[in-house]
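I am attaching a structure below and will ask some questions about it afterwards.
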Amino acid sequence: MKTSNGFILYIQEILTGAKSLAVGLWITLKRLFSPIVTVQYPRKKLTMTPNFRGHIEAIRFDDTKTHHCVACGLCARICPSHVIKVQGEKTKAGDKKIGRHYVIDFSKCSHCGLCVDVCPEQTLKFSREYELVYYSRWDTVIDLMQRLEERP
Amino acid sequence: MNITQLPYIKDIFAFMGSDLMAAVIGLLIIAVFVPLNVAFLVLVERKVAGHIQLRPGPMEVGPHGILQTLIDAVKLLGKEMVTPGMTDKVLFFLAPILVVVPAFVGWVPISFSPIMQIREMNVGVLLIFSFSSISILSILMAGWSSNNKYSLIGAVRAVAQNVAYEIPLLLSTMSVIIMTNTFRMSEIVNAQSSVWHILYQPVAAIIFIIATTAECNRAPFDLVEAESELVSGFHTEYTGMRFSLFFLAEYTNMVIAASMATVLFLGGWFGPFFPGLIWFVIKVYFLIFVVMWVRWTYPRLRFDQLMNFAWKVLIPIALVNLLITAIVLKVI
Amino acid sequence: MLNIKTIDDATVNQRVYQLNLGPQHPSTHGVMHLLVTLDGEVVIKIEPIIGYSHRGHEKMAENRIYEQFLPNPARMDYLSGMIFNHGYCMAVEKLCGIEVPRRAEYIRVITSELNRIASHFIGAMDYAMGLGAITPFLWGWDDREQILDLLEGIAGSRLTYSYGRFGGVRNDIDQAFYNGTRRFIDRLRGRFWDYENLINQNIIFIKRSKGVGVISKEDALTYGVTGPSLRGSGVKYDVRKNEPYSAYPEFNFEIPTREAGDCLARYQVRMAEIEQSLNIIEQALDHLPPGPVRSKVPRFVTPPEGECYLTFESARGAVGFYIVSDGSRIPYRIKVRAPSFSNLFAMTKICPGHFLADVIAIFGSIDVTVPEIDR
């Protein structure tokens, strides 16, 4: 009695196993003819979301036609990787400082966005560049103010 | 006395006259066809894998990446063949050479169409089986000589696995052989002119395909190279062209196995509308597609389960199947 | 050919050899070294050697202000970066007594649960890949990709989000995220059948996982195993329920447990948790309260002197952040209790007696992240 029971179980296992394998084949066959989900990157490109966090960039404001950086240095203080260096100067005595040089080395940047949050003048934003490949490490050291002037 | 009257001399001349030429031409065709076929199959494999996994596979070299494998072959040719220190240099050198021999010889007795067969042999089926056993020897040589624990584990697994799976393979073949009473490939095909053997012997056909998948070390029986456990198995230490010879042998063995299955179960060249060769090729590539499809669907068996599957499931079923076939044939 | 010189003299005469799985190996999830002592293919002893990706995050914390440590927690466990990020924020908020707006709590829950699904997908599918099934792994990545797209839409980054801030989150969620999450939930629910039948019902998968690597309830508690691995052993412990934090008490969800304690149980717990996470996200989206997402917090927080310990549930188990403050802007000490560390060392107990292939399966089913072990 016991052995025949075992035999039935043995046959059952083979049959359920074969069925599960056939179902698996059917599932992969369906996927074989479904559309692909990848993007052939250099040929096709995805659009970045508006919130994408690239390296930081200075915003050009419409009222002054330039950035609002006052070279307070808060961003340089909060940066976890110490990659920001800001230099400002006063145009005339008693006036606010204006940022002249804003150098970041974004190869060391961790894109955390703390500098953008901390900025009292809110003159920083994230760029949407993601193809950050260069021939030299020095190419990753950029002056945001200079970029702002060069940009139309 | 005219020496041509001596029977053995006459046999030699006859051999040189037609059969030798046929053999030479056939082997040349094989030597050209096998690497090209492998290049094509590797591409097909990558495309099948890609589309099952919702990605396009190779797309860059040539339209839809059809030249990708040729470029890969060129790259492999240009690579340095590294021989690691402390290896058994002779065996390490011989293993990839030995592995391609059965892959080429196995083509000889296969009848692709009524006129395309390199050499008809009385023991064509047996010849393929016996030569395919040699490839195990080369895998063992490769694994042993590499002086790498992963390679050795892979090689030891390969030997045990192949010994186990040759039994159901031969048993399932036997149930066809006792139906046709011949080992000649063309006669086995001719016996299926009206009904394919797969209709008489569905169980044997499934066992045959499972066992050949295991013999070719394809997933889900690819414990020999099990990349998640053994890195790359027996060819971990091989580079460049030596590595690609193992690759070539693997895919060629697949084609030979599929051809065997076609001859034994799927009616060889028989089929409506098209000439025989085209039907043969369609059947072979369909079987190869099934093997690839299976590879990209299932997980890998564990070693003891693999053995259990062979000894506890395949061999009993194959034996029962053979017994039933014999009884039915005797009664009829 | 076996290199038996590495074994001590007492065992030289035995047929025992050692195999180095890693530091570079296809299935060690990073730079991880398992020194396996084998007899044939049967494991006698297994010794995880860790520290290859030690970056000293805890020491780094002692040299920077609280804000500057914000990007770091996500780099400890890169697969559940969002959860770690929020966890660190919660720990600092607890230390400083900062109130978090309810909307921010809800957003934290939604993003954490999305991140948990993404991480569980990798955990479960990577286990399947360890068994040799590559296709489900890539399908899992496809589903995970949807989550990454959603999170990128609000956080701007795909892996190390730095989305949480002290007293809330960086920015509010938008309608696109709201709709996208709804669509994702429907899409994922439609795909469970495929996963269930392709992996869970597959006879080879069941044979490979059932009864393999059983962590008993006692062992799990002894080794301090947490997360899905603990719940797979039948212990109903989830920090989200047992020590509720954030907005979790407001949601209605189950803690899936399995009694078996084997690899299959751990896999099933993970897949069941994905469904529970979907429920949580749905409830949170339904009852998303209006209001600000960030409370008024000083630009640089200065916690009072003292210490705090906050534990939360990451995708791998209970994580603890222990922060000691000396009253300055720079933490005196931050200690992180990493679940992967405890979970990994349960392997030393359960692996002996299994085959070499099972080691990979067990390692995959426990689902550790190596950078989290080493920190």
Side-chain angles (χ1 to χ4, degrees), chain A residues 12-32 34-39 46-56 72-84 108-120 125-130, chain C residues 60-61 63-72 74-75 85 133 135-136 138-139 141-143 145-146 149-163 165-166 170-171 173-174 176-177 180 191 193-207 294 297 299-300 329:
Chain A
Q12 253 178 4
E13 195 179 10
I14 291 176
L15 291 179
T16 51
K19 186 180 161 252
S20 75
L21 296 181
V23 171
L25 279 180
W26 168 242
I27 292 170
T28 41
L29 186 69
K30 274 194 297 184
R31 293 288 176 101
L32 179 61
S34 54
I36 57 172
V37 294
T38 53
V39 176
L46 295 172
T47 49
M48 284 292 112
T49 61
N51 279 334
F52 180 75
R53 294 209 310 254
H55 63 78
I56 53 171
C72 62
L74 274 176
C75 44
R77 273 175 68 195
I78 205 165
C79 180
S81 316
H82 310 296
V83 299
I84 301 174
K108 293 180 191 166
C109 173
S110 54
H111 304 269
C112 59
L114 287 170
C115 44
V116 178
D117 282 11
V118 85
C119 184
K125 67 169 183 184
F126 299 109
S127 79
R128 288 200 223 152
E129 278 178 40
Y130 57 94
Chain C
M60 259 190 232
N63 296 306
R64 47 184 62 196
I65 61 175
Y66 285 91
E67 280 82 2
Q68 287 180 339
F69 193 62
L70 257 178
N72 289 51
R75 270 124 182 120
N85 206 278
T135 301
L138 283 151
W139 294 1
W141 281 83
D142 175 30
D143 281 331
E145 192 71 15
Q146 311 289 324
D149 284 346
L150 288 172
L151 292 180
E152 188 192 7
I154 53 162
S157 177
R158 294 174 74 80
L159 202 62
T160 47
Y161 303 98
S162 305
Y163 180 57
R165 290 288 187 269
F166 304 144
R170 232 191 97 236
N171 48 331
I173 61 174
D174 49 8
F177 174 79
R191 291 168 86 119
W193 188 89
D194 279 4
Y195 287 116
E196 173 75 13
N197 280 285
L198 181 68
I199 310 173
N200 218 349
Q201 300 290 330
N202 190 301
I203 180 93
I204 303 175
F205 183 82
I206 293 172
K207 287 264 176 195
R294 201 171 170 186
V297 178
R299 197 164 267 146
F300 299 103
R329 281 179 182 169

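Throughout, a chain's letter reflects where its sequence line sits, starting with A, and its residues are numbered from 1. A quick note: this is a predicted structure, and the numbers were derived from the prediction, not measured.
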TODO: Mind listing the closest non-hydrogen atom pair of Cys79(A) and Gln68(C) along with its distance?
DONE: O-NE2, 3.1 Å
- [ ] Heavy-atom distances under 4.5 Å only: say whether Arg75(C) touches chain A with side chain, backbone, both or neither.
- [x] side chain
Task: Residue pairs fulfilling side-chain hydrogen bond (donor to acceptor under 3.5 Å, both in side chains) with at least one residue in residues 72-83 of chain A, sequence neighbours excluded - done: none
Task: Ion pair check, Arg31(A) and Asp142(C), cut-off under 4.0 Å - done: no
- [ ] Among Gly54(A), Ser110(A), Ala18(A), Pro50(A), single out the residue with the greatest number of heavy-atom pairs under 4.5 Å to chain C.
- [x] Ser110(A)
Task: Which portion of Leu70(C) sits near chain A, non-hydrogen atoms under 4.5 angstrom - done: side chain
Open item on the list: Would you compute the distance between atom CZ of Arg294(C) and atom CG of Asp117(A) and round it to the nearest 0.5 angstrom?
Closed with: 5.0 Å
Open item on the list: Return the CG to OG1 distance between Leu151(C) and Thr49(A), rounded to the nearest 0.5 Å.
Closed with: 11.0 Å
TODO: Enter the distance from Trp26(A):CH2 to Asp194(C):CG here, rounded to the nearest 0.5 Å.
DONE: 11.0 Å
Open item on the list: Heavy-atom cut-off 4.5 Å, strictly under: side chain, backbone, both or neither for Lys19(A) against chain C?
Closed with: neither
Open item on the list: Below 4.5 Å, heavy-atom pairs only: which of Val23(A), Ile78(A), Val37(A), Thr16(A) has the largest tally toward chain C?
Closed with: Ile78(A)
Open item on the list: Heavy-atom pairs under 4.5 Å with chain A: which of Asn63(C), Asn202(C), Ile206(C) has the most?
Closed with: Asn202(C)
TODO: Please look at Asn171(C) and chain A and tell me whether the side chain, the backbone, both or neither of the residue comes under 4.5 angstrom of a heavy atom of that chain.
DONE: side chain
Open item on the list: I'd like to know if the side chain of Asn51(A) reaches the main chain of Ala155(C), judged simply by a donor and an acceptor atom lying under 3.5 Å from each other, with no hydrogens or angles considered.
Closed with: no
- [ ] Using the test side chain to side chain donor-acceptor pair (under 3.5 Å), find all partners of Asn200(C) that sit at least two apart in sequence or belong to another chain.
- [x] Glu196(C)
TODO: Could you pull out the closest heavy-atom pair between Tyr161(C) and Arg53(A), with the gap in Å?
DONE: O-NH2, 2.6 Å
Task: More than 12 heavy atoms from other groups under 6.0 Å of NZ on Lys30(A) - done: yes
- [ ] Mind listing the closest non-hydrogen atom pair of Leu114(A) and Pro71(C) along with its distance?
- [x] CD1-CD, 4.4 Å
Open item on the list: Side chains of Pro120(A) and Arg299(C), heavy atoms from C-beta outward: is any pair under 4.5 Å?
Closed with: yes
Task: Top contributor to chain A contacts, counting heavy-atom pairs under 4.5 Å, from Phe300(C), Trp139(C), Phe69(C) - done: Trp139(C)
- [ ] To the nearest 0.5 angstrom, please state how far the SG atom of Cys112(A) sits from the CZ atom of Arg170(C).
- [x] 9.5 Å
